[in-house]
Structures are given as C-alpha cells and as structure tokens.
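Written out below as structure tokens is the structure these notes cover.
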Amino acid sequence: MIIVKSADEIRRMRESGRVAARVRDAVARLVTPGITTRELDAEAARLMAGMGARSAFLGYKGYPGYTCISIDCEVVHGIPGDRRIEIGQIVSIDVGVIYGGFVGDTATTVMVGVSRPDVISLVATTERALGAGIAKAVAGGRLSDISHAIEQTAVGGGFAVVRNFVGHGVGRKMHEDPQIPNYGPAGCGPRLKVGMTLAIEPMVNLGVSEVDVQEDGWTVLTADRKPSAHFEHTVAIGAEGPVVLTLAD
Ligand code: MF3
Ligand code: CO
Ligand code: CO
C-alpha cells in the first residue's frame, strides 16, 4: 500500500530532505585523496547531531554506519572504514536521516580528481538518468514510467542498470511501498498521485548489470568489478509536478 502524505507531511519531509542534502553535500566536498571513509562517516554523524537529526541507516537490519560510502566497483551499501580515498576513484555518498519523524534519503557520486572518459560519462549519465526519472514523477502517470525513463537514459549512454536493487517509497519509514525498479516498460504499475513520496535512485554500471554482495553482508559489488555510479533524490509528487525534497536550500 502506497502511503499518500498530506501537504503538512510533505512540508515536514522537505525539512528532513534538506537536512539529508546538507549532510550529503558537506560530506561530498570532503572527499579528497587521503581521507578515510570512516572520517567521512564521522563528519556525517557530527553534522546530523548538530542539526538534531539521526541516521536512518545506523542499526537498520544491523547496519554499522551512519552513511553508505561506495567506491568504484562498489555499487551501494559500502560500510565506512579504514580505506583511504585515492585520486581517480568515484565515490558514492548515500545519506539517510530521520528528522521530525520523517526520512530523507539521498545520494551522489563524486569523482576524485581525474577519471577516465568512460567513467566520467558513466557518472554524468547516471545523474541524467535520475533527472529523467524525476521528470516522470507526475500525477496521472504510472510508476514504471519512472523506471523506463531511467533505463532508457542509462542504456542509451551505453551502460547497464542494476536489477537486484531498486528505488522505493519513503516517508516515516526509509523503505515504503512501492519498489521502483530502474528498468522496465513504460505505462505499468500503480497510477501516481499527488502526495506520494519516492526515493528514486538509479544504480548504473560501466560493464555488466550483475552484482555480488561482499562477505561483510552489505557491500554490493559489480560482478565484473568495473565501476558503478549511484544518485538518489527523495521526490514528492506535487500538483504542479515533481518536487525534489533533498535539495540543500
Ligand atoms: N539508503 C539506502 C537506500 O537508498 C539504504 C541503505 S541500507 C542501510 O535505500 F542499511 F544502509 F541503511
Ligand atoms: Co539512499
Ligand atoms: Co533509497
């Protein structure tokens, strides 16, 4: 069952989205050669506490971090640790906060200095795929219009979408109905209504779409160990079109 939020609830989700976005952007700016992912996570924790927010990830099914930080062939759910950022990597920062009773969930992928042209294209295409999906988050449309637009953009760029992990509804809980695959035909699934709130999150791979989960039980890796990019926004379906809730200001 898809939970439709009231205008007041959407206003509160905008506040949680703003907090998540501020943390995302602040941590993304700290991604520089030599810093460890644990240091990045600690900064996220400090910023969340400073804004009166909690991590939506910490303790979720036993997850041990405040954020997920996924490098190169790591697709999502990388656990912060002793690993140091290196020049040439791409780094996904996924931030989820609980603030005022609502979750904001958002991710970005940053390049560390110079990347190969195909990797630059992967990151840019994944961000464009998120935009194409958001553009289909309109009342009267169908859920799979979002999925289809993402897939078209990613495949059109010469890349493969991850099929084992999906976007999702978001609200008082991080993961609500519906699931939002990043692939599929247009025109299927539930009709979109004003007040639905969705975490749209393309995960796009340079090589094959298949993924493995590492022995830590969390880190998702591309099967061919080629790079993967991930972008995510929490979006409300508004009367006048999509409203991105995870913007920093
Ligand atoms: N933020 C992820 C998502 O976009 C979920 C993280 S799982 C957790 O859905 F365990 F790290 F919390
Ligand atoms: Co997320
Ligand atoms: Co999400």
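Position 1 is the first residue of the sequence; numbering continues from there. All of these numbers come straight from a predicted model, not from anything done at the bench. Start at 1 and go down the list; that is how both ligands and their atoms are numbered. Only this structure's heavy atoms are used, side chains among them; waters, hydrogens and symmetry mates stay out.
Each of F57, Y60, Y63, C68, H77, D94, D105, H168, M174, H175, E201, W218, E232 has a non-hydrogen atom positioned under 4.0 Å from some atom of ligand 1.
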Inset, instruction - Please lay out, stage by stage, how V103 and M174 fare under the test side-chain contact (heavy atoms from CB on, under 4.5 Å). - result: CA-CA 6 Å; V103 173; M174 176 161 65; 4.2 Å; yes
Inset, instruction - Given side-chain contact (heavy atoms from CB on, under 4.5 Å), test I85 with Q89 step by step and report yes or no. - result: CA-CA 7 Å; I85 300 294; Q89 290 176 333; 3.8 Å; yes
Legend entry - Stepwise salt bridge (Lys or Arg N to Asp or Glu O under 4.0 Å) test for E74 and R83: CA-CA 13 Å; E74 297 172 356; R83 188 162 174 198; 2.9 Å; yes
Inset, instruction - For the pair Y63 and I79, evaluate side-chain contact (heavy atoms from CB on, under 4.5 Å) and give the outcome as yes or no after the intermediate values. - result: CA-CA 8 Å; Y63 184 75; I79 301 171; 3.8 Å; yes
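Within the coordination shell of the Co ion (ligand 3), defined by N, O or S atoms under 2.8 Å, H168 is present.
Residues P202 and I150 approach most closely at CB-CG2, 3.7 Å, considering heavy atoms.
You'll find the side chain of L143 reaches within 4.5 Å of the side chain of I180, heavy atoms only.
Side chain to side chain, S228 and N205 meet the donor-acceptor criterion of an N or O pair below 3.5 Å.
Of the listed residues (H233, H168, H175), just one forms a side-chain hydrogen bond (donor to acceptor under 3.5 Å, both in side chains) with D105, and that residue is H168.
For the Co ion (ligand 2), the tally of protein N/O/S atoms lying closer than 2.8 Å stands at 4.
Residue I93 holds its CD1 atom at 8.5 Å from OG1 of T109, rounded to the nearest 0.5 Å.
Classification of E176 and K173 as a salt-bridged pair fails, no side-chain N sitting under 4.0 Å from a carboxylate O.
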